Amino acid sequence: MGARNVVSWTSLLTGYAQNGLNVETLKLFLRMLVEGIKPNPFTFSAVIGALTDEGMVEAGIQVHTMVIKNGFGVATFASNSLINMYFKSGMIRDARAVFDSMTDRNAVSWNSMVAGLSKCGEMDNAFKIFSVMSDEVRNVVSWTAMISGYLQNGMAEQAVNLFCQMSKEGIKPNDFTYSTILTAQPGVSPFEMHAQAIKRNYVKSPSVGTALLDAYVKRGNVDEASKVFQRIEEKDIVAWSAMICGYAQTGDTEGAVRIFVQMAKEGIKPNEYTFSGIINACAAPTAGVEQGKQLHAWSIKSRFNNALCVSSALLTMYSKRGDIESAFEVFKRQRERDLVSWNSIISGYAQHGYGRKALEVFEEMQRQNLEMDGVTFIGVISACTHTGLANEGQRYFDIMVKDHHIEPRMEHYSCMVDLYGRAGMLVKAMEIIKEMPFPASANVWRTLLAASCIHRNLEMGKLAADKLISLQPQNPASYVLLTNMYASVGNWKERAKVRKLMEEKKVKKVAGYSWIEVKNKTYTFLAGDASHPRSNQIYAKLEELSCQLKGAGYQPDTSYVFQDVDEEHKEAILSQHSERLAIAFGLIGTPPGTPLQIVKNLRVCGDCHTVIKLISILEGRDIVVRDSNRFHHFKGGLCSCGDYW
DNA sequence: GTAGGGTTAG
């Protein structure tokens with residue numbers, strides 16, 4: 001065995017450090033000290049790096065003292081590692097002191113300062129360093145670090161400017177630069193960056209490809225994103241996860257599942273982000289409920305279920321898929337929670353009509369003195385709205401402004417209009433609109449119009465509709481609400497006028513659909529639909545139900561039929577609403593007692609609401625209907641919305 | 001020394 005000197009120790013030690021074997025690195029360092037070998041600056045550099053990765057700052061500071069004692073206080077390599085360590089621990093002044101004491105700075109020293117200051121939010125100071133750098137040291141890394149800093153601090157415009165300037169000065173962007181600048185959406189065009197990436201041969205790179213596909217997704221172009229994904233040569237876990245999330249974001253559950261399965265086939269192990277993405281995909285209204293549960297089980301088996309991003313995804317998935325109990329179970333068991341977890345469960349309870357429970361969760365947040373934001377209060381106020389607690393809602397709005405100093409946004413005013421509007425206090429709702437510090441959005445007017453329809457206030461409805469139509473002349477929902485309002489009071493003349501206006505403006509009504517999942521398959525129904533293979537049995541079931549309903553004293557409320565036809569025909573129209581077809585199919589397609597889940601793209605009508613309540617008793621079934629607005633849990637003749645929706 | 005996946009309302 002040859003003589004071992006500091007160089008042989010250090011090369012082994014550096015080898016460990018470069019392969020992320022931090023513990024081995026530190027053990028070897030201790031052995032060196034025990035054996036009386038004096039470390040050199042390279043040894044220190046590797047050791048400090050390992051300590052930084054492990055978050056062992058205290059030990060790092062001790063090593064810093066050793067560095068100075070050994071006379072390497074100004075050595076470039078050791079100092080660079082120290083700068084990095086101090087920045088990672090947020091000790092900006094110490095990092096700066098090391099930098100200032102150096103006599104021989106290289107590009108890494110300068111770039112570490114730029115990157116460190118940027119990450120700590122000190123963009124002005126980062127830019128000062130960046131601008132005094134000489135041409136020899138200011139390289140592509142410096143530019144990329146600055147650009148990244150601006151983006152991380154929400155200064156996208158400066159980032160884009162710097163990117164342009166960089167090219168002008170003849171500095172060629174590298175793969176890091178492209179992956180960074182592509183996150184500036186919608187500040188840069190993915191098409192343009194794509195062209196540059198092709199020219200410079202970066203499209204096969206996983207990081208550039210991933211950033212590019214994500215940029216296309218953010219522009220709503222999943223097809224292009226998918227093409228980019230296919231071209232990535234060695235797809236890593238981040239690329240796979242990004243593609244899955246891409247499909248999830250566009251509501252394409254099947255696309256997401258396809259990629260997830262393909263990934264599993266290729267033997268790639270999912271990580272927490274992959275699970276979070278695929279579970280989010282299963283939160284889409286038409287996704288299979290069973291699929292989500294299976295993924296929950298899989299995530300537990302893979303031990304990723306406690307990661308915050310996974311538990312958050314599970315929480316929203318269960319809530320959106322109508323299973324608020326399981327959502328709360330996930331919330332209860334969460335190892336760590338953030339603001340989003342709390343906001344999710346509050347809004348979940350609100351949407352399901354469990355306003356009191358939403359408020360209980362909020363009270364708990366208050367007791368624990370947790371941070372809240374505007375979204376928290378949107379949940380809280382809408383909990384009051386769906387429970388009919390107008391005064392409480394106003395109180396929470398005031399708390400938000402006075403105690404939490406949260407500036408109300410359009411969404412909050414929209415909630416307030418909804419709060420008063422649904423409670424029938426239309427004048428108060430109008431006052432909110434008048435007192436808002438900015439002009440009301442289309443959404444606000446739509447909310448007022450919907451409330452006017454419920455409470456049959458023609459005058460207010462007409463006013464809201466005029467505003468709404470002037471803001472969104474091509475949106476069919478505006479006209480449909482108005483025609484429904486006229487129809488509900490039997491004013492066929494006005495209704496015909498609106499229909500004519502729609503024709504003139506070439507606005508088409510959106511058809512009502514309902515979905516139901518039976519034996520892991522999703523079935524779609526249109527009103528009066530006869531396309532289902534078991535159509536005859538479905539209508540027979542409806543007929544049977546109709547007799548039982550009449551026997552139970554049910555009277556159809558034909559004011560919900562918005563066509564001008566005779567009464568008998570109206571009853572027939574009501575009995576063929578898409579949700580009833582879906583329920584009838586669910587009843588004949590599943591064993592007695594099985595709960596049913598229906599999703600509808602429009603709001604459920606008042607007559608269907610009454611009928612579903614009765615069906616829940618007659619057939620002894622729990623029925624969950626998610627309409628375009630909220631969840632209705634029908635059980636034993638009652639609905640969780642308390643007939644208030 | 002610089003980079004790329006996620007979550008909240010109506």
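Just so it is clear: chains get the letters A, B, ... in the order the sequence lines come, proteins before strands, and each one is counted from 1. Bear in mind the structure is a predicted one, so any value in this text is a computation, not a measurement.
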Taking NZ, NE, NH1 and NH2 as the nitrogens, is one of them in K332(A) or E329(A) under 4.0 Å from a carboxylate oxygen of the other?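 Salt bridge between K332(A) and E329(A), a charged N being under 4.0 Å from a carboxylate O: yes.
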I need the [atom1]-[atom2] distance between [X] and [N], as an integer number of Å.
| X | N | atom1 | atom2 | answer |
| --- | --- | --- | --- | --- |
| L308(A) | dT7(B) | CG | P | 12 Å |
| Y349(A) | dG10(B) | OH | C1' | 21 Å |
| W240(A) | dG5(B) | CH2 | P | 18 Å |
| N343(A) | dG10(B) | CG | C1' | 14 Å |
| I406(A) | dT8(B) | CD1 | C1' | 13 Å |
| M317(A) | dT8(B) | CE | P | 13 Å |
| L419(A) | dG10(B) | CG | P | 13 Å |
| D214(A) | dG4(B) | CG | P | 10 Å |

Please report the C-alpha distance between I432(A) and H412(A) in whole Å, then the side-chain angles of each, then the deciding distance to 0.1 Å, and finally whether the side-chain contact (heavy atoms from CB on, under 4.5 Å) criterion is met. CA-CA 11 Å; I432(A) 300 272; H412(A) 296 104; over 6 Å; no
Where does dG4(B) land, syn or anti, given syn is within 90° of 0?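 Anti, which is what one calls it when the glycosidic angle falls more than 90° from 0.
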Which nucleotide sits closest to the side chain of [X]: [options]?
| X | options | answer |
| --- | --- | --- |
| E411(A) | dT7(B), dG10(B), dG4(B) | dG10(B) |
| V340(A) | dG5(B), dT2(B), dT8(B) | dT8(B) |
| A211(A) | dG4(B), dA9(B), dT7(B) | dG4(B) |
| S382(A) | dT2(B), dT8(B), dA9(B) | dA9(B) |
| N280(A) | dT7(B), dT2(B), dG5(B) | dT7(B) |

Regarding dA3(B), can its base be found pairing with the side chain of S207(A) as donor and acceptor, where the two atoms are less than 3.5 Å apart?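 Present.
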With a 3.5 Å cut-off and just heavy-atom distances, do the side chain of D418(A) and the base of dG10(B) make a donor-acceptor pair?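 In this structure, the two groups form no donor-acceptor pair.
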So, is [X] close to the [N] phosphate, meaning a side-chain N or O under 4.0 Å from OP1 or OP2?
| X | N | value |
| --- | --- | --- |
| T210(A) | dG5(B) | no |
| T180(A) | dT2(B) | no |
| Q152(A) | dA3(B) | yes |
| K119(A) | dA3(B) | yes |

Using ring-ring contact (aromatic ring centres under 6.0 Å, His included) as the criterion, point out the one residue from Y216(A), W240(A), Y247(A) that pairs with F229(A).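 Of the listed residues Y216(A), W240(A), Y247(A), the ring-ring contact (aromatic ring centres under 6.0 Å, His included) partner of F229(A) is W240(A).
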Quick check on ring-ring contact (aromatic ring centres under 6.0 Å, His included): which of F331(A), F362(A), F377(A) does W342(A) satisfy it with?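 The ring-ring contact (aromatic ring centres under 6.0 Å, His included) with W342(A) is passed solely by F331(A) among F331(A), F362(A), F377(A).
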For [X], answer base if it contacts any base atom (sugar-phosphate contacts may also be present), sugar-phosphate if it contacts only those atoms, and nothing otherwise; contact means non-hydrogen atoms under 4.0 Å.
| X | result |
| --- | --- |
| T376(A) | nothing |
| N443(A) | base |
| Q249(A) | sugar-phosphate |
| A107(A) | base |
| C245(A) | sugar-phosphate |
| S347(A) | sugar-phosphate |
| N84(A) | sugar-phosphate |
| A313(A) | nothing |

Assess the residue pair I345(A) and L315(A) against the criterion (side-chain contact (heavy atoms from CB on, under 4.5 Å)); give the C-alpha distance rounded to whole Å, side-chain angles, the decisive distance to 0.1 Å, and a yes or no. CA-CA 7 Å; I345(A) 195 69; L315(A) 204 173; 4.0 Å; yes
For the residue pair T376(A) and D373(A), confirm or rule out a side-chain donor-acceptor distance under 3.5 Å.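 Per modelled atom types, T376(A) and D373(A) side chains form a pair under 3.5 Å.
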Among side-chain atoms of Q368(A) and E364(A), is any donor-acceptor pair under 3.5 angstrom?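 Their side chains do contain a donor-acceptor pair, which is all the 3.5 Å distance test asks for.
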